[in-house]
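The figures here come from the full heavy-atom set of this structure, side chains too, leaving out hydrogens, waters and symmetry mates. Here is the naming used below: chain letters follow the sequence lines, and residue numbers restart at 1 for every chain.
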Amino acid sequence: MANEKQVNEYILNRRNNLKALKDAGINPYPVKFEYDITPSQIKEIFEKYDAAQLEELNKKVKTCGRIIAKRVMGKVTFMHIFDEGVKLQLFFAQDKVGKKEYKLLKKIEVGDFIGVEGTLFRTKTNELTVNVEKYTFLAKAIRPLPEKWHGLQDKELRYRQRYLDLLTNPDVRKTFLLRSRIISEIRKFFESKGYIEVETPMMQLIPGGAAARPFITHHNALDIDLYLRIAPELYLKRLIIGGFNKVFEINRNFRNEGVDTQHNPEFTMVEFYEAYADLRDMMRITEELFTTICDNVIGKRKIKYLDHEIDFSTPFRKMTMREAIVEFGKDIKFEDLNSKETLLPIAKKLEIEDAEKLNYGKLLSEVFETVAEEKLIQPTFITEYPIEVSPLTKTIEGDERFVDRFELFVAGMELANAYSELNDPDEQLKRFKMQLKEREKGDDEAQMMDEDFLVAMEHGMPPTGGEGIGIDRLVMIFTNSPSIRDVILFPYMRPKKEEKTEEK
RNA sequence: GACCCCGUAGCUCAGCUGGUAGAGCAUCUGCCUUUUAAGCAGAGGGUCGCUGGUUCGAGACCAGCCGGGGUCACCA
């Protein structure tokens, strides 16, 4: 991407050095370097040896990395290379590497990759260092790296050029390492319980399983529009019907909605289903999963998140949606929550938009979100969701208005959503029809009818518990990150407008 | 989508009440055999996000646009 405007003195200098290396018969981009030890292994193994021990050991190493600092002192030069988050110092003396080789060192600069052979020793200031005898040029950088001790601060550049962020800001590297370990732990957790990992379509004819606007794409050969999935739910249930009793999927969902500190258009969920399980089982699994991550990845069950201390000790608190409204809402009584008529004045007072247009269940959810959601700091299961907002969930015995569902809240964020899955095909048809009516009323997030899914369910679906957990938000909590962008390597960014480059 | 804040050298940042641009790192030249934010001496580097406007004069003031951050709305 040689942009005319970006050809500046830095790039010119570096290109000149590149040419000088080539002229000296050096391949600036060789195929391979056979190292026998990495900088981090050197630090790990030899940090405990003192100067005298190292001298006696006379340990030869062959290692490599990216140059991040260079200090020329006449006929000796110090460099630091960086590899896998670890810094290692190199020492070059003209006497040792040879006059010609030492002179060529001038063409090697910060950002370049280098391989070295030499012996380990300690400098006067006691730093473990490679006394280089031979070096090999590994790759040339023709753009400079960001400044060395402030790192890259500009948020826009950090997100757009995450590789620079990762190189210069150690905490960022840590966050993404932790993310990787958390996902690995989640995978191990489900596998150890006999779940199998599956992959279901990302491109769907009918985007089901959640209430959200989808992205639309087009298949040219078939000349049909397809949707990027908003959830894998309906496909995972087809697998339960197909006799896989425990399945999970860790993958991306896509929702065509606003972007903020808790929402990215594509985000990662783990969704899992277990035949013959119900909502209580899902609660237990959720508690166990969170404590497993605490124990195996973080090392403790009480963690700091922003201004809060979050305590993942089990059991997590459980409240019904209505109980939460009464607890956190001012002057709201339980009796007020039983009908649209009694809810309306409360909703109006809370300035909920178009409250009179909402049905009972939506109104109740809106009131809950306004009054309680952000106050649910400690892990809390909220249960008994209204049927109107839960078209895929079984009702509670004895009260047809509510369903057997929970959402888990931590630090005021929705982290998980679980159901005793609806498996009665006639009831499911009724629920889809309810959704269609809402859609006709203008709710473009109401769910679409999926007849193929209904046919699957008509073949018989066992009682099933299912759940989805938002991995990005979970990682936010465990890495103390205030924004979802801090836990997604390449978050959504508006494309940069092309600047017209005038010819000169 | 609304509102608030931000955009100055490769990077990190100053720049007053409007008077034609500054520092540190980095780069280039020279010196230097134990430095680590190496040091010393010197040099170069800018479409002040973009486009208009006000003004004798704009990095600064005004308008619009582009990009970013945040709050709210939306997203159960």
Side-chain angles (χ1 to χ4, degrees), chain A residues 5-14 16-17 51 68-80 87-96 102 106 109-111 121-127 129 131 141-161 164 168 210-213 230 255-265 267 321 351-353 358 361-370 373 382 385-386 388-391 393 403 405 407 409 414 417 443-447 482-483 485 491 493-502 504:
Chain A
K5 214 180 163 181
Q6 290 175 349
V7 174
N8 57 28
E9 57 165 324
Y10 292 92
I11 293 176
L12 283 174
N13 283 334
R14 284 169 176 268
N16 286 338
N17 287 339
I68 53 157
K70 185 183 174 190
R71 295 177 293 277
V72 184
M73 236 128 284
K75 295 192 178 60
V76 303
T77 295
F78 291 90
M79 294 187 195
H80 270 110
K87 284 197 318 189
L88 177 68
Q89 186 167 254
L90 308 178
F91 176 78
F92 300 78
Q94 183 178 282
D95 297 349
K96 197 130 202 172
Y102 190 83
K106 212 178 168 189
E109 52 210 320
V110 171
F121 78 115
R122 283 190 184 275
T123 60
K124 276 182 184 166
T125 49
N126 209 34
E127 180 164 346
T129 303
N131 191 355
I142 55 174
R143 287 175 190 265
L145 294 178
E147 193 235 23
K148 55 189 170 192
W149 65 83
H150 294 99
L152 193 64
Q153 297 300 321
D154 186 313
K155 280 208 170 168
E156 183 174 356
L157 291 181
R158 289 180 49 202
Y159 295 144
R160 285 193 199 277
Q161 295 179 279
L164 296 177
T168 53
R213 274 181 285 259
I230 55 174
R255 297 187 184 174
N256 207 338
E257 312 276 6
V259 179
D260 63 27
T261 50
Q262 291 178 33
H263 297 84
N264 196 66
F267 64 101
M321 179 179 277
E351 294 173 1
I352 290 169
E353 236 177 287
L358 300 177
K362 278 200 183 150
L363 207 50
L364 189 71
S365 306
E366 289 281 341
V367 170
F368 165 74
E369 278 158 43
T370 311
E373 196 171 310
I382 297 296
Y385 277 68
E388 293 92 332
V389 297
S390 317
T393 317
V403 298
R405 166 181 180 181
E407 287 191 352
F409 289 87
E414 177 199 336
N417 182 16
D443 180 355
D444 52 4
E445 277 153 13
Q447 301 199 16
S483 168
R485 286 194 167 106
M493 289 296 248
R494 206 179 291 254
K496 241 179 151 175
K497 205 179 130 197
E498 284 271 318
E499 282 177 37
K500 281 175 199 161
T501 46
E502 281 169 87
K504 280 183 181 170

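Nucleotides B:C3 and B:C65 have their P atoms positioned 10 Å apart, rounded to a whole Å. If you take atom C1' in B:C28 and the same atom in B:G67, they sit 33 Å apart, rounded to whole Å. Going from the C1' atom of B:C61 to that of B:G57 covers 13 Å, rounded to whole Å. B:G30 and B:U12: their C1' atoms are spaced 28 Å apart (whole Å). Separation of the C1' atoms belonging to B:A26 and B:A9 is 10 Å when rounded to the nearest angstrom. Annotation: B:G59 and B:U54 have their P atoms spaced 16 Å apart (nearest Å). B:U51 and B:U17 have their C1' atoms separated by 27 Å, with the value rounded to a whole Å. Taking the C1' atom of each, B:G24 and B:G69 are spaced 26 Å apart, rounded to whole Å.
For the atom pair A:Gln161 CD and A:Glu156 CD, the distance stands at 9.5 Å (nearest 0.5 Å). Distance check, rounded to the nearest 0.5 Å: CG of A:Leu90 to CG of A:Asn131 gives 10.0 Å.
Counting non-hydrogen atoms under 4.0 angstrom, A:Thr123 reaches a base of the nucleic acid. Using a 4.0 Å heavy-atom distance criterion, A:Gly361 is classed as making no nucleic acid contact. When heavy atoms are screened at a 4.0 angstrom cut-off, A:Tyr102 is found touching no nucleic acid atom at all. Among the protein residues, A:Val110 comes within range of no part of the nucleic acid, since none of its heavy atoms lies under 4.0 Å from any strand. Across all strands shown, A:Gln89 has heavy atoms under 4.0 Å from base atoms, whether or not it also approaches the sugar-phosphate.
Distances from the side chain of A:Leu152 to the nucleotides B:G70, B:U35, B:C11 place B:C11 closest. Distances from the side chain of A:Pro146 to the nucleotides B:C13, B:C11, B:G68 place B:C11 closest. Listed nucleotides B:G70, B:A38, B:G67 differ in distance to A:Arg485; the shortest reach to its side chain belongs to B:G70. Here the side chain of A:Arg494 is nearest to one of B:U35, B:G68, B:G70, namely B:G68. The A:Asp95 side chain lies nearest to B:U33 when the options are B:U35, B:U71, B:U33. Listed nucleotides B:C28, B:G68, B:U27 differ in distance to A:Met493; the shortest reach to its side chain belongs to B:G68. Of the listed nucleotides (B:G68, B:U12, B:C74), B:C74 has the atom at the smallest distance from the side chain of A:Arg213. Checking B:C32, B:C28, B:U34 against every side-chain atom of A:Asn17, the shortest atom distance belongs to B:C28. Of the candidates B:G69, B:U71, B:U12, B:U71 carries the atom nearest the A:Thr261 side chain, counting heavy atoms from C-beta on. Among B:A73, B:U34, B:G67, the nucleotide with an atom closest to any side-chain atom of A:Glu353 is B:A73.
Atom-to-atom, CD of A:Gln153 to C1' of B:G10 comes out at 15 Å; the value is rounded to the nearest Å. Rounded to whole Å, atom C1' of B:U35 lies 9 Å from atom CZ of A:Phe91. Put simply, CG on A:Leu157 is 11 Å from C1' on B:G10, counting in whole angstrom units. The distance between atom OH of A:Tyr159 and atom C1' of B:G67, rounded to the nearest whole Å, is 15 Å. Between the P atom of B:U35 and the CZ atom of A:Phe78 lies a distance of 7 Å, rounded to the nearest Å. What separates CG of A:Asn13 from P of B:A9 is a distance of 19 Å, to the nearest Å. Per the geometry, CG belonging to A:Leu164 stands 18 Å off P belonging to B:A26, to the nearest Å. What separates NZ of A:Lys75 from C1' of B:U33 is a distance of 8 Å, to the nearest Å.
Between the side chain of A:Asp260 and the base of B:C74 there is at least one donor-acceptor pair of N/O atoms closer than 3.5 Å. Evaluation of atom-type donor-acceptor distances gives a pair under 3.5 Å for the side chain of A:Glu9 against the base of B:G44. A:Glu127 contributes no side-chain N or O that forms a donor-acceptor pair with the base of B:U35 under 3.5 Å.
No donor-acceptor distance shorter than 3.5 angstrom exists from the side chain of A:Arg71 to the backbone of A:Phe78, with no hydrogens or angles considered. Distance alone, capped at 3.5 Å, is enough to place a donor-acceptor pair between the A:Arg14 side chain and the A:Ala141 backbone.
Here B:A43 sits opposite B:U27 as a Watson-Crick or G-U wobble pair (both hydrogen-bonding atom distances under 3.5 Å). Judged by Watson-Crick or G-U wobble contacts below 3.5 Å, the nucleotide B:C16 has no partner. As the counterpart of B:C61, B:G53 is assigned, both hydrogen-bonding distances of the Watson-Crick or G-U wobble pattern falling under 3.5 Å. Pairing of B:G7, defined by two Watson-Crick or G-U wobble distances under 3.5 Å, is identified with B:C66.
Across the interface with RNA chain B, nearest-nucleotide mapping of A:Val259 and A:Tyr10 shows A:Tyr10 to be the residue nearer the 5′ end. Ranked by how close their nearest RNA chain B nucleotide is to the 5' end, A:Gln94 and A:His150 are led by A:His150.
Using a cutoff of 4.0 Å between basic side-chain nitrogens and carboxylate oxygens, A:Glu109 and A:Lys70 are not scored as salt-bridged.
Put simply, A:Lys106 has no side-chain N or O that comes within less than 4.0 Å of OP1 or OP2 on B:C28. Regarding contacts with the backbone of B:C74, every side-chain N or O of A:Arg255 stays at 4.0 angstrom or more from both OP1 and OP2. Phosphate proximity of B:A38 to A:Arg71: present, with a side-chain N or O under 4.0 Å from OP1 or OP2.
Side chains of A:Ser390 and A:Arg405: a donor-acceptor N/O pair is present below 3.5 angstrom, by distance only.
Closest heavy-atom contact between A:Gly111 and A:Leu145: CA-CD1, 3.9 Å. A:Ala51 and A:Arg122 make their closest contact through N-CD, 3.7 Å (heavy atoms, listed as atom of the first residue, atom of the second, distance).
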